[in-house]
Amino acid sequence: MLTAVIVEDEPHCTERLKRLLQKTSHRVSVTGQFDSVERASKELIELKPHLVFLDVVLKDGTCFDLLQNISDPEFDIIFTTGHNGYAVEAFEYSAMHYLLKPIDPGHLENAISRCVNNLSAKETSKRLDVLIHNQQAHSSTDSKLVVTVTRGKTVKMLNYKMGEIIRFEGLGNYCTIFLLNGEKYVLSKTLKHYDDLLDGFTRTHQSHLVNKDHIKEYVKTKNGKAVVVLTNGDEIPVSVSQRGNMNGLFGKELL
């Protein structure tokens, strides 16, 4: 049996979530419900639930205020939000679970399943650290991205600042991340996922997404093909369809 706490300041949202939880394939017992940062901060430590459904905006603060009051939480978190904006982007960066209101029963089922299969409380803590870091970051370059890496039977969650990521290269439903330190990892996300998510990166080709801060030159090779040269020396092709984008970025057109 999973124990859960709901932190939500809209009573009708709390009641709807409780009804939906009764219909999931998982046995979930709601052991507490709170409508403020102050109350939840005091009670969560005592209740020690397996799972917390946490609204982003509460009547006396935000979910970030609550998280800063709790060090090394031993429960997993599913954020709930009615705003498909910054908060959702923040959750994607940190690989946190979230649900958009009104909550879809199928999405709720999937979110709980992911929490049940979660790596560990330690990994949840890492993701929360990234989420809070990004909330406090002064610029997008200070933001961090969490990626899940699988090698053999080992699954790790790693996080990197945007400046540490040079580029992504896509292949079907997977892509490879290339890092400033020379490391690279295959990720189980498409290139489009990161193209849609990340500011400061630009598509040069159907298969390539590069960090603008790591582009040194935009040149034409001896065989007449356009490429961008990156700070690590990689030469990445620029497709005909993306040349207009690169011309605008560099303020010049290759002849």
**Message:** Salt bridge check, K101 against D55: does any charged N sit closer than 4.0 Å to a carboxylate O?
**Reply:** yes

**Fill in**
Distance col, row L17:CG vs C13:SG, nearest 0.5 angstrom, shows 9.0 Å

**Item:** H214 (side chain) donor-acceptor with E164 (main chain) under 3.5 angstrom
**Value:** no

**Asked** What are the two closest heavy atoms between A4 and F53, and how far apart are they?
**Response** CB-CE1, 4.1 Å

**Request:** Identify whether the distance between the nearest side-chain nitrogen and carboxylate oxygen of E38 and K42 falls below 4.0 Å.
**Result:** yes

**Asked** Are a donor atom and an acceptor atom from the side chains of N245 and T202 found within less than 3.5 Å of each other?
**Response** yes

**Message:** Is it the case that atom CG in N181 sees more than 12 heavy atoms from other parts of the structure closer than 6.0 Å?
**Reply:** yes

**Prompt:** Is the NE2 atom of H107 crowded by more than 12 outside heavy atoms at less than 6.0 Å?
**Reply:** no

**Request:** Establish, for the pair R39 and F34, whether the NZ or CZ atom is under 6.0 angstrom from the six-membered ring centre and no further than 45 degrees off its axis.
**Result:** no

**Message:** Under 4.5 Å between side-chain heavy atoms, counting indirect links through other Ile/Leu/Val/Met/Phe/Trp/Tyr residues: same cluster for I45 and L66 or not?
**Reply:** no

**Request:** Determine, using the 4.5 Å side-chain heavy-atom cutoff (strictly less than), whether L145 and F178 are members of one ILVMFWY cluster.
**Result:** no

**Prompt:** Has the side chain of N211 got a donor or acceptor atom that lies under 3.5 Å from a matching backbone atom of M162?
**Reply:** yes

**Prompt:** Which heavy-atom pair separates P102 from R16 by the least distance, and what is that distance?
**Reply:** CB-NE, 4.3 Å

**Request:** State whether the side chain of E43 and the backbone N or O of G32 hold a donor-acceptor pair below 3.5 Å, judged by distance alone.
**Result:** no

**Message:** With heavy-atom distances below 4.5 Å as the criterion, would you say the side chains of C63 and L54 are in contact?
**Reply:** yes

**Message:** Pair V238, H205 - check side-chain contact (heavy atoms from CB on, under 4.5 Å), show working.
**Reply:** CA-CA 5 Å; V238 178; H205 184 278; over 6 Å; no

**Prompt:** How many angstroms lie between CG in L180 and CD1 in I166, if you round to the nearest 0.5 Å?
**Reply:** 5.0 Å

**Asked** Can you find a heavy atom in the side chain of I165 that is under 4.5 Å from one in the side chain of Y194?
**Response** no

**Prompt:** Out of curiosity, does I177 fall in the hydrophobic cluster containing Y174 (side-chain heavy atoms, cut-off under 4.5 Å, transitive links)?
**Reply:** no

**Prompt:** With a 4.5 Å heavy-atom cut-off, do L209 and R167 have their side chains touching?
**Reply:** no

**Request:** May I ask whether Y185 and L197 are part of the same hydrophobic cluster, defined by side-chain heavy atoms of I, L, V, M, F, W, Y residues being less than 4.5 angstrom apart, directly or through others?
**Result:** yes

**From D234 atom CG to K216 atom NZ, the distance as rounded to the nearest 0.5 Å** = 11.0 Å

**Request:** Could you tell me whether E46 and K48 have a side-chain N and a carboxylate O separated by less than 4.0 Å?
**Result:** no

**Message:** Hydrogens and angles aside, do S241 and S239 bring a side-chain donor and acceptor to less than 3.5 Å of each other?
**Reply:** yes

**Prompt:** Heavy-atom count around K212 NZ within 6.0 Å, excluding the residue itself: above 12?
**Reply:** yes

**Complete:** Here the gap from K59 atom NZ to E10 atom CD, rounded to the nearest 0.5 Å, amounts to 12.0 Å

**Message:** If you compare all heavy atoms of V52 against all heavy atoms of P49, which two are closest, and at what distance to 0.1 Å?
**Reply:** CG2-CG, 3.8 Å

**Asked** So, do Y98 and I78 sit near enough that their side-chain heavy atoms are less than 4.5 Å apart?
**Response** no

**Request:** State whether R203 and D195 are salt-bridged, where the test is any N-O pair (Lys NZ or Arg NE/NH1/NH2 against Asp/Glu carboxylate O) under 4.0 Å.
**Result:** yes

**Fill in**
Contacts satisfying ring pair (Phe, Tyr, Trp, His ring centres under 6.0 Å) that involve residues 230-251 (not counting sequence neighbours) are Y218-F250

**Prompt:** With distance as the sole test, does T3 use its side chain to make a donor-acceptor pair with the main-chain N or O of H50 at under 3.5 Å?
**Reply:** yes

**Prompt:** What are the two closest non-hydrogen atoms of V37 and T62, and how far apart are they?
**Reply:** CG2-O, 3.6 Å

**Asked** Looking only at heavy atoms, what is the nearest atom pair of I103 and L99, with distance?
**Response** CG2-CD1, 4.0 Å

**Message:** Closer than 3.5 angstrom, by distance alone: can the side chain of N247 be matched with the main-chain N or O of R243 as a donor-acceptor pair?
**Reply:** yes

**Message:** Is there a continuous path of hydrophobic side-chain contacts, each under 4.5 Å between heavy atoms, that joins L171 to I236?
**Reply:** no

**Message:** Taking the side chain as everything from C-beta on, heavy atoms only, tell me whether L187 gets closer than 4.5 Å to V149.
**Reply:** yes

**Asked** Which pair of non-hydrogen atoms, one from T204 and one from P237, has the smallest distance, and what is that distance?
**Response** OG1-O, 3.1 Å

**Item:** V30: partners by side-chain contact (heavy atoms from CB on, under 4.5 Å), with sequence neighbours left out
**Value:** I6, K18, L21

**Message:** Taking atom CD as the centre, does Q206 end up with more than 12 heavy-atom neighbours from other residues, nucleotides or ligands that are less than 6.0 angstrom away?
**Reply:** no

**Prompt:** Are I215 and M246 close enough that some pair of their side-chain heavy atoms sits under 4.5 Å apart?
**Reply:** yes

